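Both ligands and their constituent atoms are indexed starting at 1 by order of listing. On a predicted model such as this, the values are computed, not experimentally measured, just so you know.
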Amino acid sequence: MKILVINCGSSSLKYQLIDMSHEEVVAKGLVERIGIEGSMLTQKVEGREKYIIQKPMNNHQDAIKTVLDALVDESNGVIASLSDISAVGHRVVHGGEKYAESVLIDDTVMQALDECVKLAPLHNPPNITGIKACRNLMPEVPMVAVFDTAFHQTMPTEAFVYALPYEYYEKHGIRRYGFHGTSHKYVSSVAANMLGQDIKDLKIITCHLGNGASLTAIKNGKSIDTSMGFTPLEGLVMGTRCGDVDPAVVTFMVKQLGLSAAEVDNVMNKESGILGVSGVSSDFRDVEGAAASGDKRAQLALNIFYYRVRKYIGSYAAAMGGVDCIVFTAGLGENSPETREAVCEGLEFLGIKVDKAKNKVRGKSELISTSDSTVKVLVIPTDEEMMIARDTLSLI
Ligand code: ADP
């Protein structure tokens, strides 16, 4: 049985066709510049040359049609006909409070997704457009929505209600939702497997450290707290996002510096974080490079990042009454030994000891803690597409 996983952004679309009998990726690809001049699809199949289609794609329907054409293409495709696709799993950023699980898409779900747009005005609309386009092109094929927020719906009230007047939560839905849920769920389940333990017996802190970054405290298999909040801006320092700041900074920027709401939004989401502090780049590799050649602000940006992750690990250990396992994942977590070592430095008092030789690993699953470390530290490459495909399979 083959499942197509679709992750639709505003001008790009990522996809994977996964054969669920062996959980094997049959083809994966990217469509870029949807609705912009120079639209292009690149499809990769193991052992073959890249297949590139360049043609105008004015909207997501055009893009998805091109994806389907690429998959069934006589010489470059991987399936004989579209009837080989048993279901489609769609990544959806925000499911609000309504969805604590993935869901089979019908008209009622489509309406609920529209209602979530106000919570994720940048991310949900392209996700919805992608679903609509797929439903038009494959009306008979079952589709599933998998939400970034769903895994965190198990958080207890005290972890998700902000201490604003309660009506802001009740009337406007202002609360912590958390994101990257599919990734946190996936790597925590792999961690339990690697340790040979039931996830229900474990206290795990998962560190998703990419361009966007978040930590989650997972107790007995359930998310009980996570660092992103009402939006992905809260929490850790990220590539271009500031993470936690005193909320009064926002009013200061408006009243004293004369910035508009949109400008504050832009500064905090696009011009801050590692980029803002270092002045070098939002890409950690560039900033690590600059720091290594003596750039003090680049080093400061990294130090702030490490320090924030370390503080969150400490607070989540406190929230769970201990920690058995720490998982590093996503671009930086999987590939940067420097980050993992720096984050864990000084956490020996919690029983966290990283083995420097084992920590050299990049991009594959590995235990990197010393044999006498009471907390197991793991590197696990995330695979949100596989998680989406698994959820899709279980719902159809
Ligand atoms: P996102 O999906 O949020 O865009 P990723 O999970 O792909 O982000 O992570 C991207 C980040 O990971 C980039 O800042 C990149 O510099 C960093 N990264 C990737 N490989 C390495 C590496 N070998 N060393 C350090 N950082 C790395």
Novice: Side chains of residues 239-253: which donor-acceptor partners sit under 3.5 Å, not counting sequence neighbours?
Specialist:
{"unit_1": "T240", "atom_1": "OG1", "unit_2": "N269", "atom_2": "O", "d": "2.7"}
{"unit_1": "D244", "atom_1": "OD1", "unit_2": "G235", "atom_2": "N", "d": "2.7"}
{"unit_1": "D244", "atom_1": "OD1", "unit_2": "Y312", "atom_2": "OH", "d": "3.4"}
{"unit_1": "D244", "atom_1": "OD2", "unit_2": "Y312", "atom_2": "OH", "d": "2.6"}
{"unit_1": "D246", "atom_1": "OD1", "unit_2": "A248", "atom_2": "N", "d": "2.8"}
{"unit_1": "T251", "atom_1": "OG1", "unit_2": "A248", "atom_2": "O", "d": "2.9"}

Novice: Parallel under 30°, tilted from 30 to 60°, perpendicular over 60°: which one fits the rings of H94 and F179?
Specialist: perpendicular

Novice: Going by salt bridge (Lys or Arg N to Asp or Glu O under 4.0 Å), name the residues that satisfy it together with R135, two or more places apart in sequence or in a different chain.
Specialist: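 R135 satisfies salt bridge (Lys or Arg N to Asp or Glu O under 4.0 Å) with D107 once adjacent residues are dropped.
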
Novice: For H60, give me all partners under ring pair (Phe, Tyr, Trp, His ring centres under 6.0 Å), at least two apart in sequence or on another chain.
Specialist: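 Here no residue qualifies.
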
Novice: Does atom CE (M110) have a neighbourhood of more than 12 heavy atoms from anything else shown, all under 6.0 Å?
Specialist: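 Buried by this count: over 12 neighbours within 6.0 Å.
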
Novice: Any chance NZ of K358 has more than 12 other-residue heavy atoms, nucleotides or ligands included, within less than 6.0 Å?
Specialist: yes

Novice: At a 4.0 angstrom heavy-atom cut-off, what protein residues surround ligand 1?
Specialist: G210, N211, G212, D283, F284, R285, E288, A330, G331, L332, N335, S336, R362

